[in-house]
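These notes concern the structure reproduced below.
As the structure is a computational prediction, the values presented were derived from the model and not from experiment. One-based numbering along the sequence shown.
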Amino acid sequence: MLTRRRSTHLDARERVLTTASTLFYRHGVRAVGVDLVVAEAGVAKTSLYRHFRTKDDLIAAFLAREDDDFWRTWDDVANSHRDDPVGELEGQLAWIGERVGRVGYRGCPQLNVAAEIAEADHPARQVATAHKRELRRRLRGIAERLGVDAPDDLAGQLAVLINGAFVSSSLLSRDEATPLLMSSAHALIAAAGPTKSRRRRA
C-alpha cells in the first residue's frame, strides 16, 4: 500500500510537470494559468500545489527539467571527444543545429522565459541565468583546450553564436542551422589567434 501511494504521488507530480512543460513551451509561461495545467493534467488543483508551492516554482521546475535534458546531451557528446576539442565543438554544434531545425521548435526555453520574466530574483529567471553562465563556462573549457590566445573572448563569441541560432530558428530553413553554426565557429577559431600546437611548430 505504501509503495502504491508513493507511486501515485510521483505520478501526479510527473503528470503536472510534463503537462505544464508542454504548455509553457508551446504558449509561453505568462499565457498559461494553473487552471489550464490542472485541467490538461487531469489532477486537482490541490495536487498541483502539493508538489509545487506556486506557479513560479512550477516554471522553475520546467526550466530545471529542460536544463537536465540539455546537459545530458552535451555530456554525451563531450565524453565522446575527450581528447579532441575541435571534434567536441563540432559535435555540440551538430546536435544544437539539429534541434534548432526541428519542426515545432520554438527557441531555447531558457531564453524564452528570460524574455517573459524581467525580475532577476524570480526562481525561473535564476535557473535560466545559471544555464547560460554554464554554457559559457563549458565553451571556455573547449576554448582553453584549443589553446587560443583569448579563450574567454572566444567562449563569449561562441555563446552569442549559439544563442543567436536559438532565437533565429524561425528565420532559418530546416537544414540551415548546422552548417551556419559550423562555418561561423571555424571562422571565430581562426580569428582567435594561434593555438598552442601552432606556436610550438613556429
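- One finds the CZ atom of Arg140 at 14.0 Å from the CG atom of Leu135 (value rounded to the nearest 0.5 Å).
- Cluster membership for Val167 and Leu161, using ILVMFWY side-chain heavy atoms within less than 4.5 angstrom, is shared.
- At a threshold of 4.5 Å between non-hydrogen side-chain atoms, the residues Trp95 and Asp76 do not count as touching.
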Pair Gln157, Leu139 - check side chain to side chain contact (heavy atoms under 4.5 Å, CB included), show working. CA-CA 9 Å; Gln157 292 163 353; Leu139 289 171; over 6 Å; no
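- Applying the side-chain hydrogen bond (donor to acceptor under 3.5 Å, both in side chains) test to residues at least two apart or on different chains, none of the pairs has a partner in residues 103-114.
- No donor-acceptor pair under 3.5 Å is formed between the side chain of Arg125 and the backbone N or O of Glu119.
- With a 4.5 Å cut-off on side-chain heavy atoms, Gln92 and Arg138 do not count as touching.
- Taking 4.5 Å as the limit, some side-chain heavy atom of Leu58 sits within range of a side-chain heavy atom of Leu17.
- His131 and Trp71 have tilted rings, their planes meeting at an angle from 30° to 60° on a 0 to 90° scale.
- You'll find the side chain of Ile117 reaches within 4.5 Å of the side chain of Arg30, heavy atoms only.
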Step-by-step side-chain hydrogen bond (donor to acceptor under 3.5 Å, both in side chains) determination, Arg65 to Thr18: CA-CA 9 Å; Arg65 172 190 254 197; Thr18 298; 3.1 Å; yes
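- Here the straight-line distance linking atom NE2 of His81 with atom CD of Glu90 works out to 8.5 Å at 0.5 Å rounding.
- Under a 3.5 Å cut-off, the side chain of Lys132 and the backbone N or O of Leu111 do not form any donor-acceptor pair.
- Residue Asp83 qualifies as open at atom CG: its count of foreign heavy atoms under 6.0 Å is 12 or below.
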